[in-house]
Amino acid sequence: TCQSLAFSSLFSLVKVLSRSDIDTCKRAELEEWLKQLIPVILVGLTNALDNFEEFRNNERHENKPFSVSNKNIIRSLRALTVLVKYENIESVLPLDDVETVFQKVSDSILMPILDVSQEDLNKIFVNEEKVPERMYFDMKASKVDGWSTLVSEACVFIESVCQLDALNQAHRDRIIKTLLVHISCEEADMISYDNNEMIKHRILASYLRSVEKLLLKESEGSIHGKEQIAKAMLSFSLSSMASYVNNGTNKEIKNSASGLLQTCLNTLTLNETEISALAEEAVKCGSYEAWEKLILHVGNGSIIHNSLDHLKVSLEDFTDSSRQLAALNSISYVSQQSSANTQSIIVPYMIEGVGAQIIRLLRVYGQNQVNGDKISSNHMVTCSTCVKIMMLSFQYLNSTNVTSDVSAETEMESGAFLAIVFEALVSVVLYNGLPNQNSSEKIGSDPQIGKLCAQTFVHIARSAPTVFRTSVGFLSAEDRGILELAVRTDMNGYAPPTRVKKKLNFKGFNRA
């Protein structure tokens, strides 16, 4: 058909025009051809969307399979997405037409799927002269082919438009207004997720990514105000990350909200008190990824203190191993990502604030003192994360800027701290055993966990032998023996113990 030829021709032309070796005359000639194709695609998309609306509003649509217009919309959106990404789009397609298609796709496809009631729309558009009529389309009751593909292509198109450098401020203002209206519906809890849940989440995630792209390009002269938008989206992104933190099916929303949060933080100028309050609220809600971004955004560790009590609560919650592991992972991530300058501030806060809880977790999980399927599946990961955090603490104690002028008192303090860690590690080795040694028969024991502890002993012994010897001096004779066995076994490569055969002493036999 004419449209099929237009689609294939457009893809081919844009591909050729994207090459850097095209001379100016040839480029101008090809762009003229492209200008002739675009109206065909736009008319085809408009007709398909009109048919789509007519079909959607038909009460008996469930008996009428609808696929032709749907496929035309998908093909048209793919073609326009390719076109929008073309660097010289202004020379072939007016930006007003791009915005018109954007609004049409949003109003005809995406907004109806979100299913916002007319009453709620009136609340959102309370100060507007024209309030859009409520449109709804239940995908489950229809026989439309390729719903997921249609929505995905619509989302890719609107994100591509929002990333367009050629848009002027007037276009951006109108587009961001459309996006904010839809996001406001979600923020006001006007969207029901009783049906079409996954599709609605995909749309919302796309809106968040689109706002982020526009915010990166927004100028201070925006009628909505760049800082005003960023403040509103900061609050919404934090609440979204908290709402979907424990829902594995909504990772797309969580990831999109995470990216938007980072952009908002980079856009705004917030003082440490404001960020500290946000971080405290994030960790209180269990949104640890948001907490990480807020802590690292400040960079000097000064806002961690207010979050420590909430971290303790999470680490001490033995009814929810996932919550404990999430908190551990965040503590480990923040400590690792800290720069060399900030690590000396962040790590001490962690040691003082939650060090006891982390050591307790190592003991409890390392000795299988809790029950439950999730806990048994997490105990290796939990132990390794606890050990990682303890090793970061050791690196801080052993760092050049801290121990360059080591006194006997400082050495004793470091040794005393490591002795507490060693006692926990020894108890874990005793419970789990070591690979290729006499296997432990205790319930849930895992020699690989014992090996992890042994490797920790060896690393500290080689890195700071003086402090290591001081630490060992604090241990009981029994614990010291287990530690020495673990170190020797690790240094010997976990070779199985050899059995020495006794030789018979024939001289001891007398002939009768």
Side-chain angles (χ1 to χ4, degrees), residues 288 308 311-336 347-372 374-398 414-435 440 442-461 463 467-468 471-472 474-476 478-480 482-483 485-487 489-490:
Y288 298 105
L308 291 176
L311 285 173
K312 286 180 183 178
V313 172
S314 298
L315 294 173
E316 292 172 351
D317 184 6
F318 285 94
T319 63
D320 190 347
S321 63
S322 298
R323 181 185 183 190
Q324 290 178 320
L325 186 56
L328 273 176
N329 285 333
S330 284
I331 293 169
S332 174
Y333 179 80
V334 166
S335 299
Q336 284 182 296
V347 173
Y349 269 121
M350 295 301 184
I351 297 173
E352 182 181 356
V354 294
Q357 284 72 24
I358 293 170
I359 290 175
R360 185 188 175 201
L361 281 176
L362 177 60
R363 284 182 177 273
V364 171
Y365 278 83
Q367 298 178 75
N368 201 35
Q369 294 176 358
V370 282
N371 299 319
K374 284 188 177 180
I375 289 176
S376 61
S377 63
N378 285 340
H379 76 296
M380 177 62 184
V381 178
T382 303
C383 288
S384 63
T385 307
C386 289
V387 170
K388 184 187 295 183
I389 295 170
M390 290 299 102
M391 290 304 295
L392 289 169
S393 303
F394 163 71
Q395 288 171 12
Y396 157 71
L397 293 171
N398 197 45
S414 299
F417 167 75
L418 284 177
I420 297 172
V421 177
F422 283 177
E423 286 177 352
L425 293 173
V426 164
S427 68
V428 175
V429 171
L430 185 61
Y431 187 90
N432 292 277
L434 296 164
S440 173
K442 295 175 181 176
I443 298 173
S445 62
D446 184 351
Q448 293 302 317
I449 296 179
K451 180 180 179 180
L452 175 68
C453 299
Q455 290 173 334
T456 304
F457 292 140
V458 172
H459 176 76
I460 295 175
S463 303
V467 176
F468 178 80
S471 303
V472 172
F474 284 101
L475 301 180
S476 65
E478 183 181 355
D479 285 353
R480 203 159 44 239
I482 296 170
L483 184 149
L485 175 64
V487 170
T489 303
D490 186 78

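Scope of the values below: all heavy atoms of this structure, side chains included, with no hydrogens, waters or symmetry mates. Remember, it's a predicted structure, so these values are computed and weren't measured experimentally.
To the nearest 0.5 angstrom, Leu485 atom CG is 4.0 Å from Thr489 atom OG1. From Ile420, atom CD1 reaches atom OG of Ser471 across 10.0 Å, with rounding to the nearest 0.5 Å. Summarising the geometry, atom CG belonging to Leu328 is positioned 10.5 Å from atom CD belonging to Gln357; distances are rounded to the nearest 0.5 Å. In this structure, SG on Cys383 lies 9.5 Å from CD on Gln367, to the nearest 0.5 angstrom. Rounded to the nearest 0.5 Å, atoms CD1 (Ile359) and CG (Leu315) are 12.0 Å apart. Taken to the nearest 0.5 Å, the CE atom of Met391 stands 12.0 Å off from the CD atom of Gln336.
Closest approach of Leu308 to Tyr349, counting heavy atoms only: CD1-O, 3.9 Å. Nearest approach of Ser332 to Thr385, heavy atoms of both residues: CB-CG2, 4.2 Å. Taking both residues in full, the closest heavy atoms of Leu361 and Cys386 are given as CB-SG, 3.8 Å, listed atom of the first, atom of the second, then distance. The shortest heavy-atom contact between Ser321 and Tyr365 is CB-OH, 3.3 Å. Of all heavy-atom pairs spanning Val347 and Ser393, the tightest one is CG1-CA, 3.9 Å. The shortest non-hydrogen separation linking Val429 to Gly450 is CG2-O, 3.9 Å.
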Side chain to side chain contact (heavy atoms under 4.5 Å, CB included) assessment of His459 paired with Gln455: CA-CA 6 Å; His459 176 76; Gln455 290 173 334; over 6 Å; no
Side chain to side chain contact (heavy atoms under 4.5 Å, CB included) between Asp446 and Ile449, worked out: CA-CA 6 Å; Asp446 184 351; Ile449 296 179; 4.0 Å; yes
Chi angles and distances behind the side chain to side chain contact (heavy atoms under 4.5 Å, CB included) call for Met350, Ile389: CA-CA 9 Å; Met350 295 301 184; Ile389 295 170; 5.6 Å; no
Derivation and outcome, side chain to side chain contact (heavy atoms under 4.5 Å, CB included), residues Arg360 and Arg363: CA-CA 5 Å; Arg360 185 188 175 201; Arg363 284 182 177 273; 5.6 Å; no
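In this structure, Phe422 has its ring center closer than 6.0 angstrom to the ring center of Phe468.
Without hydrogens or angle criteria, Ser384 side chain to Val381 main chain gives a donor-acceptor distance under 3.5 Å. The backbone N or O of Leu325 lies less than 3.5 Å from a partner atom in the side chain of Asn329, making a donor-acceptor pair. Side-chain N or O atoms of Asn368 include one that pairs as donor or acceptor with a backbone N or O of Ile443 at under 3.5 Å. A donor-acceptor pair under 3.5 Å is formed between the side chain of Asn432 and the backbone N or O of Val428. Remark: the backbone N or O of Ala327 is not paired with any side-chain donor or acceptor of Ser330 at under 3.5 angstrom.
With hydrogens and angles left out, the side-chain atoms of Ser314 and Tyr288 include a donor and acceptor closer than 3.5 Å.
Between Thr382 and Gln324, the closest side-chain pair of non-hydrogen atoms is not below 4.5 Å. For the pair Glu316 and Val354, the minimum side-chain heavy-atom distance is 4.5 Å or more. Two residues are said to be in side-chain contact when any heavy atoms from C-beta on lie closer than 4.5 Å; Ser463 and Phe394 meet this criterion.
A 6.0 Å sphere centred on OH of Tyr333 holds no more than 12 heavy atoms belonging to other residues, nucleotides or ligands.
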